[in-house]
Amino acid sequence: MPEVRGVLDNPLRHGEFGLLERLRLARRMRVAAYDMAIVLPNSWKSALVPWLAGIPVRVGYTGEARHGLINRRHRLERGAGSTIAERYARLADAPGEAALPDLPQPRLAAEPAQCAATAARLGLDGDAAPVALCPGAEYGPAKRWPEEYWARIAGCLAARGHAVWLIGSANDTGIAQAIAAAVPRGCRNLCGRTTLAQAIDLLAIARFVLTNDSGLMHVAAALDRPMIALFGSSSPRYTPPLSKNAEVLWLELACSPCFKRECPLGHFRCMREIQPERVEARLAARLPPP
Ligand code: SF4
């Protein structure tokens, strides 16, 4: 993102308190002498580091009673920005400011030479018209389309002459192995074999992306790839892929969105009833043959 000048990695896992790590991170931030911190999460501990770093203006939603830690506080008003991106964008204005202008969509810039080098390094440079499948979702199984459906789509794409790349983290390896095992030729399991930067390069050169609602979905949207995003227990009204090239398949059942990690009703109809035939038809309509 050309707008981002530097990145400090947060070493803490979701939910971890890690006071010592937070103090270390605050020390690094203090050296940079930032004028303002915008704290996106609502948790108390997420506001702690900018306060410890002595950043004078700390902006965020009041969240978990963060009076003092956040000193430019916004109130979350229902309906005042339905997507999470709009809620975050509001933090750039003064609290209580009127309507948001049209927001630009986030964009990641990919370097073609670097993408080609990444493909070559992973032995993918001879692959024809690759389609990226992202079958994982860290959040939990309620956001994952069933393995056997992925396998069917992977088989179809391979039969049409596309190289199929399964992209995800090491945590998705098992799911990806099961999918690749069901497709005799043309399907590569790259889960856990790439860095995040390499995964971004591969998504940037994929002809098409099929994905669950996951971090990689947002990456593919920011790369503006033609894509289909499958939503189950979450809502595309809240965290949609921000790209005009993205098509969302979501059944909007009465129980959906439940935002649960596992189906509380046990039937998982929100994902099971997005039949692979429907996805196949949309792919056939949108993805030219190689
Ligand atoms: S309760 Fe409904 S939305 Fe939630 S996981 Fe089950 S089927 Fe999906």
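In each ligand, atom 1 is the first atom listed, and ligand 1 is the first ligand listed. Only a predicted model underlies this, so the values are computations on that prediction, with no experimental measurement involved.
Atom 6 (Fe) of ligand 1 has C263 SG, 2.3 Å as its closest protein atom, hydrogens excluded (heavy atom only). With respect to atom 8 (Fe) of ligand 1, the closest heavy atom belonging to the protein is C270 SG, 2.3 Å. Of the protein's non-hydrogen atoms, C255 SG, 2.3 Å is the one closest to atom 2 (Fe) of ligand 1.
When every heavy atom of P276 is checked against every heavy atom of I153, the shortest pair comes out as O-CD1, 3.6 Å.
A salt bridge between E138 and R261 is absent, with no side-chain N of the basic residue lying under 4.0 Å from a carboxylate O of the acidic one. A salt bridge is absent between R144 and E262: the closest approach of a Lys/Arg side-chain nitrogen to an acidic carboxylate oxygen does not fall below 4.0 angstrom.
Using a non-hydrogen distance threshold of 4.0 Å, R269 registers as a contact of ligand 1. P257 does not count as a contact of ligand 1, since none of its heavy atoms falls under 4.0 Å from the ligand.
None of the N, O or S atoms belonging to H267 lies under 2.8 Å away from atom 8 (Fe) of ligand 1. For residue C258, an N/O/S atom approaches atom 4 (Fe) of ligand 1 to within less than 2.8 Å.
Contact annotation: the side chain of W250 never approaches that of C270 to less than 4.5 Å [non-hydrogen atoms, C-beta and beyond].
Judged by distance alone, the side chains of W165 and D127 do bring a donor and an acceptor atom under 3.5 Å apart.
Within the listing of ligand 1, atoms 1 (S) sit less than 4.0 angstrom from a heavy atom of L265.
Aromatic ring orientation, W44 versus F17: parallel (interplanar angle below 30°, classes split at 30° and 60°).
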